[in-house]
Amino acid sequence: MSLTLYNSLTGKKEPFTPLHDNRVGMYVCGVTVYDRCHIGHARSLIVFDTLFRYLRHKGYEVTYVRNFTDVDDKIIKRANERGISTKELSEENIACFYEDTDPLGILRPTHEPRATEHIGEIIRLVKTLEEKGVAYEVDGDVYYAVSKFPEYGKLSKKNIEELKSGARIAVDERKKDPLDFALWKASKPGEPAWDSPWGKGRPGWHIECSAMSMSLLGETFDIHGGGKDLIFPHHENEIAQSEAATGKPFVRTWVHNGFVNIRSEKMSKSLGNVLSIQEILDRYHPEVLRAFLLSAHYRSPINFDDTYLESNRVSVERVYKTLQEVDGWLSEAGEVAGSDAELPGEIAELSEEVEAAMDDDLNTPRALGALYPMIHKLHQLYQAEKASGSPNRARVHAVREKVRELGGLFGLFQSEPGAFLETQKGLDKKRISLSPEEIQAKIDLRTAARKARDFKTADAIRDELASQGIILEDGPEGTTWRVK
RNA sequence: GGCGGCAUAGCCAAGUGGUAAGGCGACGGUCUGCAAAACCGUUAUACACCGGUUCGAAUCCGGUUGCCGCCUCCA
């Protein structure tokens, strides 16, 4: 079986074949570090993290590059507002980036270049474009002449003439054409600046990705990804810059992820509904967020709503409850030898379905639709073996390991079950007003009442706690509680 | 206005020519003093609407309606 990916450039799903035998070069547009990460960033990060994981699972040797844009208008503006340097601001936000995203289980890319560390390559690339006659300088600014690149619009399927007539941007008089875009900007006083053939200046918006991707991955590489919104103009411009400079195809497969909407509305600063990763992680274990974001196909829009997160929480929690039970039983017998026991037929089929789904343009909802039932089957198998006179632990162990392996494709089910459940429980407890001591006192009262067979009192206490979102569970070893 | 996408059960979401995956919820059962949890089972004669192609369509074609995205910084 082989991987098929939807290529935004051709508009079709295509079998994926690397340019150089089994080595894959992948570049994904990262974040501009002027603010904290929101759930939209999380989606893109998780989608491409999943692609990275899957490519490696398929046996490819992947060079994954994800940049940090650490110099641009927004950063300069924000730094000025706060009275700090752009360097300080970006360092601070890069630290925040890891703080927000490390818990999500995002694997570190092979390279994480920053624009300011590649100014030399950027200048060389702009220089090349100027020498080839597709760029021109005006007062220390350098612009790309879009009319010199006949294929402009091939990614976004836009028509240059229509773009010109529909241009909504205030036309900069210095540009020869409204569509031309800045490769290099002359610095104003107080702005970060580097020496260049055109005087002191800084890179334009799009050039850094062309320069860094080509210097780390070569003039033509396999996969370039990012959010759908980057198709135009960012990626269109990257193609124009790169291909005009090298005369070679820039990227073979363009992969774009869809947006996250918030309660059916577009997430935007103006609507004030930007949802940070932190806000979600305050309430849910990161794996719940991962499960939610992978529950829709990466190219479709996904709608955020508390009920969807809650639904995924229940699913993931159930998986871990099963795993905890199974792991506990397996460990009773000490070390179980190997995991090479043959998988039951149903499990093997589901396992193949997971892979087939992932091969089909990373269809994570379909893949998860096979993984969840597999855990269900694991539980059934465990119960059957446990009840049998001569339990076959190796068989259960093999299935359990399969769940771990396949979960790893999504960054799910990799935690120690007890740790997951404790973490989620800890977050839940922050949402209620009663202290654990107060709850325990009520439970003790109720236990006494139950012993006296005064069920009326016992039920009243249970109802009272339930009204505050606390659910009691009477088990063989006493009563425990959880937050609804 | 241009380009593109979407419309599947109470909700989320796969399926893209062969007769509707999976998850959440709900309901029934086992268990329980009763619950909860867990487990077992049930839960779309049907895929926005109207035509057409076909032996056969949720799936292809045409049209209608509704929603959304991009065209401007944005994951």
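Both backbone and side-chain heavy atoms feed into the values below; hydrogens, waters and symmetry mates do not.
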Please report, rounded to the nearest Å, how far the [atom2] atom of [N] is from the [atom1] atom of [X].
X        : N     : atom1 : atom2 : result
A:Asn303 : B:C67 : CG    : P     : 16 Å
A:Glu346 : B:A21 : CD    : P     : 16 Å
A:His234 : B:U72 : NE2   : C1'   : 15 Å
A:Glu265 : B:C67 : CD    : C1'   : 14 Å
A:Asn257 : B:G69 : CG    : P     : 16 Å
A:His38  : B:A75 : NE2   : P     : 5 Å
A:Arg263 : B:C68 : CZ    : C1'   : 19 Å
A:Leu309 : B:G23 : CG    : P     : 19 Å

Considering only NZ, NE, NH1 and NH2 on the basic side and carboxylate oxygens on the acidic side, decide whether [X] and [Y] come within less than 4.0 Å.
X        : Y        : value
A:Lys185 : A:Glu191 : no
A:Arg431 : A:Asp428 : yes
A:Asp474 : A:Arg450 : yes
A:Arg313 : A:Glu310 : yes
A:Glu236 : A:Lys158 : no
A:Arg82  : A:Glu92  : yes
A:Glu332 : A:Arg393 : yes
A:Asp73  : A:Lys77  : no

The contact string for nucleotides 27-40 of chain B, one letter per nucleotide 5' to 3', using protein heavy atoms under 4.0 Å with B, S and - for base, sugar-phosphate only and none, comes out as ------BBBBSSSS
Pick the [atom1] atom in [N] and in [M], then give their distance to the nearest Å.
N     : M     : atom1 : answer
B:U30 : B:A35 : C1'   : 15 Å
B:U59 : B:A20 : C1'   : 11 Å
B:A58 : B:G17 : C1'   : 11 Å
B:A9  : B:A48 : C1'   : 15 Å
B:U19 : B:A57 : P     : 12 Å
B:G23 : B:A38 : P     : 13 Å
B:C27 : B:G10 : P     : 16 Å
B:U43 : B:U32 : C1'   : 25 Å

Distances under 3.5 Å only, N/O to N/O: pair up the protein atoms with those of nucleotides 3-9 of chain B.
none

Do A:Phe68 and A:Phe97 have their ring centres less than 6.0 Å from each other?
->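 For A:Phe68 and A:Phe97, the ring centres are under 6.0 Å apart.
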Do A:Arg299's NZ or CZ and the ring of A:Tyr6 fall within the cation-pi criteria of under 6.0 Å and 45°?
->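 Ring-cation test returns yes.
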When you compare the side chains of [X] and [Y], does any donor N or O come within less than 3.5 Å of an acceptor on the partner?
X        : Y        : value
A:Thr32  : A:Asp72  : no
A:Tyr284 : A:Gln424 : no
A:Glu405 : A:His57  : no

Stems involving RNA chain B: give each as a range paired with a range, ordered by first number, where a stem means at least three consecutive Watson-Crick or G-U wobble pairs under 3.5 Å.
->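 Stem list for RNA chain B: B:1-7 with B:65-71, B:10-12 with B:22-24, B:25-30 with B:38-43, B:48-52 with B:60-64.
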Criterion side-chain hydrogen bond (donor to acceptor under 3.5 Å, both in side chains) on A:His256 and A:Ser8, from CA distance to verdict | CA-CA 7 Å; A:His256 293 99; A:Ser8 306; 2.7 Å; yes
Pairs in or reaching into residues 27-46 of chain A: which pass ring pair (Phe, Tyr, Trp, His ring centres under 6.0 Å), with residues at least two apart or in two chains?
->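 Residue pairs with at least one partner in residues 27-46 of chain A: A:Tyr27-A:His224, A:His38-A:His41.
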Nucleotide nearest A:Lys266 (side chain, heavy atoms from C-beta), chosen from B:C70, B:A75, B:G22 =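 Of B:C70, B:A75, B:G22, B:C70 is nearest to the side chain of A:Lys266.
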Give the C-alpha distance, both sets of side-chain angles, the deciding distance and a yes or no for salt bridge (charged side-chain N to carboxylate O under 4.0 Å, His left out) between A:Asp306 and A:Arg263.
-> CA-CA 9 Å; A:Asp306 295 332; A:Arg263 298 173 194 97; 3.5 Å; yes
Which part of the nucleic acid, if any, lies within contact of [X], taking any heavy atom under 4.0 Å across all strands shown: a base, the sugar-phosphate backbone alone, or nothing?
X        : result
A:Leu230 : sugar-phosphate
A:Phe292 : nothing
A:Gly227 : sugar-phosphate
A:Lys228 : nothing

Ring geometry between A:His206 and A:His234 (parallel below 30°, tilted from 30 to 60°, perpendicular above 60°) |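 A:His234 vs A:His206 ring planes: tilted.
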Between A:Tyr144 and A:Phe181, how do the two ring planes meet: parallel, tilted or perpendicular, split at 30° and 60°?
->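 A:Tyr144 vs A:Phe181 ring planes: parallel.
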OP1 or OP2 of B:G23 sitting under 4.0 Å from any side-chain N/O of A:Tyr372?
->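 No, outside the criterion.
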Of all of residues 46-54 of chain A, which get a heavy atom below 4.0 angstrom from RNA chain B, listed by number?
->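 Heavy-atom contacts with RNA chain B come from no residue of residues 46-54 of chain A; none.
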Mapping A:Asn261 and A:Ile39 onto RNA chain B by nearest heavy atom, which one lands closer to the 5' end?
->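 In this pair, the answer is A:Asn261.
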For A:Phe259 and for A:Phe232, find the nucleotide of RNA chain B with the closest heavy atom, then tell me which residue's nucleotide is more 5'.
->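 Closest to the 5' end, via its nearest nucleotide, is A:Phe232.
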Can you pull every protein N or O that's under 3.5 Å from an N or O on nucleotides 14-17 of chain B?
{"unit_1": "B:A14", "atom_1": "OP1", "unit_2": "A:His297", "atom_2": "N", "d": "3.0"}
{"unit_1": "B:A14", "atom_1": "O3'", "unit_2": "A:Asn363", "atom_2": "ND2", "d": "3.0"}
{"unit_1": "B:G15", "atom_1": "OP1", "unit_2": "A:Asn363", "atom_2": "ND2", "d": "2.8"}

